[in-house]
Amino acid sequence: MNPHIDSEIVTIMLEEKIDFICSVPCNMLAGVLNRLHTLPIAHIPVTREEEGVGIAAGAALGGKKPALLMQNSGLGNSLNALLSLTKLYGLPLSLIISQRGGKGEKVSAQMPMGKATPNLLKAARIDYVRIKKREDLIKMRRMIRKTFDNHRVTAILLLRTLWDETH
Amino acid sequence: MKRIEVLKVVGARGGLIVCNLGFPSRELFSQSDKPSHFYMLGSMGMASSIGLGLALSQKKRVYVIDGDGSLLMNLGSLATVAHQAPHNYCLIVIDNQCYSSTGNQPTCSSGKTDLAEIARAAGISPVKVLGNLKDLEDCLDLHHEMFLMVVVKTDSSNPEVPHIPLLPRVITRRFMGEVRRSEK
């Protein structure tokens with residue numbers, strides 16, 4: 001993994017004023033999560049992604065700008081709450097998702113959700129961007145801005161190639 | 001004891017209320033509608049989690065009205081709640097041992113499952129099991145600025161109450177206005 005990318009992701013989150021984070025771990029996000037632990041920002045590790053959606057909705061009601069960090073498998077665990085809670089009540093939430101199940105994936109069980117993730121997001125009418133390389137990170141920044149300016153649920157799919165690049 | 005009586009006691013206390021979907025929210029709404037009430041309309045199981053995020057994000061007392069069936073849908077929440085334990089968080093589980101909003105199908109708490117013991121094992125303390133309204137009022141008074149979980153056993157009756165006529169975004173707008181107004 002590439003620590004410069006981890007730092008850039010955290011910097012963008014902080015600069016865009018995300019101030020409340022729930023997370024379910026993924027090894028692709030390990031570097032980001034380690035950095036968050038050292039910062040003076042609310043970071044709540046949760047037992048399941050849907051629970052994180054609930055906690056983030058409560059934080060938004062309390063005036064915070066929440067993000068949920070998870071693997072794309074967690075999207076399947078949280079769709080109902082994303083739609084019948086966060087979206088229904090017009091609450092903002094930035095989903096920052098490690099996109100497993102793509103090129104070079106070694107775990108076969110990651111493939112089905114990997115293929116389905118973009119279509120699931122489309123069906124749920126959740127705007128998303130795919131971040132393939134360092135130059136794409138500007139799209140992440142824009143998407144976070146849109147989330148909180150317009151009280152939207154949005155998703156940022158972080159692909160493995162983002163970290164694989166050599167800089 | 002009836003659920004609507006419990007809701008009346010909690011609704012009279014002030015503070016913010018996150019109320020479970022179905023009959024509990026409809027009963028609370030029919031008892032006394034306030035901007036400080038967040039009525040859930042969907043996302044079954046999320047009450048204790050919404051309340052936790054809210055309690056961690058602002059200072060006012062948060063009462064969560066959850067149910068046995070809903071809590072069983074999100075038991076992991078008890079571990080996270082125990083781990084965070086904000087002092088302004090009070091989780092009230094109304095245990096009527098069934099899914100009363102969908103036709104009284106029994107939950108596991110009608111049999112061997114003890115929700116208070118699960119909560120204690122998850123690390124929540126104190127957990128009080130209460131059987132009458134006087135004990136509930138006394139307990140909420142005694143712990144009024146403390147982290148607390150209460151399990152209240154009720155019967156499974158549903159009174160005739162209307163559906164909530166508010167749009168979800170209206171519930172959000174007035175609730176957030178109340179949170180801001182209430183910030184110390």
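Residue numbers start from 1 in every chain, and the chains themselves are labelled A, B, ... in the order their sequence lines are given, proteins ahead of strands. None of these values were measured; they are calculated from a predicted model.
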Salt-bridge present (B:Glu117, B:Arg120; N to O < 4.0 Å): yes
Stepwise side chain to side chain contact (heavy atoms under 4.5 Å, CB included) test for B:Leu78 and B:Leu71: CA-CA 9 Å; B:Leu78 292 175; B:Leu71 185 60; 4.0 Å; yes
B:Phe29 six-ring centre to B:Arg26 NZ/CZ under 6.0 Å and within 45° of normal: no
Counting backbone as well as side chains, what donor-acceptor pairs lie under 3.5 Å between chain B and chain A?
from: B:Tyr39; atom 1: O; to: A:Tyr89; atom 2: OH; distance (Å): 2.5
from: B:Leu41; atom 1: N; to: A:Tyr89; atom 2: OH; distance (Å): 2.9
from: B:Ser43; atom 1: N; to: A:Ser84; atom 2: OG; distance (Å): 2.8
from: B:Thr80; atom 1: OG1; to: A:Glu51; atom 2: OE1; distance (Å): 3.4
from: B:Thr80; atom 1: OG1; to: A:Glu51; atom 2: OE2; distance (Å): 2.6
from: B:Arg169; atom 1: NH2; to: A:Lys87; atom 2: O; distance (Å): 3.3
from: B:Thr172; atom 1: OG1; to: A:Tyr89; atom 2: O; distance (Å): 2.8

Heavy-atom neighbours of B:Lys153 NZ exceed 12 at 6.0 Å: yes
Of the listed B:Leu52, B:Leu41, B:Val18, the one with the largest count of heavy-atom pairs under 4.5 Å with chain A is B:Leu41
Nearest heavy-atom neighbours spanning B:Val93 and B:Leu115: CG1-CD1, 4.1 Å
Under a 4.5 Å heavy-atom cutoff, which of A:Pro66, A:Ala59, A:Ala57 has the most pairs with chain B? A:Ala59
Is it true that a side-chain atom of B:Arg3 and a backbone atom of B:Thr154 form a donor plus acceptor pair closer than 3.5 Å? no
Greatest number of non-hydrogen atom pairs under 4.5 angstrom with chain B, of A:Leu91, A:Leu61, A:Leu83, A:Leu88, falls to A:Leu61
Checking B:Pro24, B:Ser157, B:Pro159 against B:Ile4 for side-chain contact (heavy atoms from CB on, under 4.5 Å), the one that qualifies is B:Pro159
Closest heavy-atom pair and its distance - B:Lys128, B:Cys139: CG-SG, 3.7 Å
So for A:Ala42, is it side chain, backbone, both, or neither that comes closer than 4.5 Å to the heavy atoms of chain B? neither
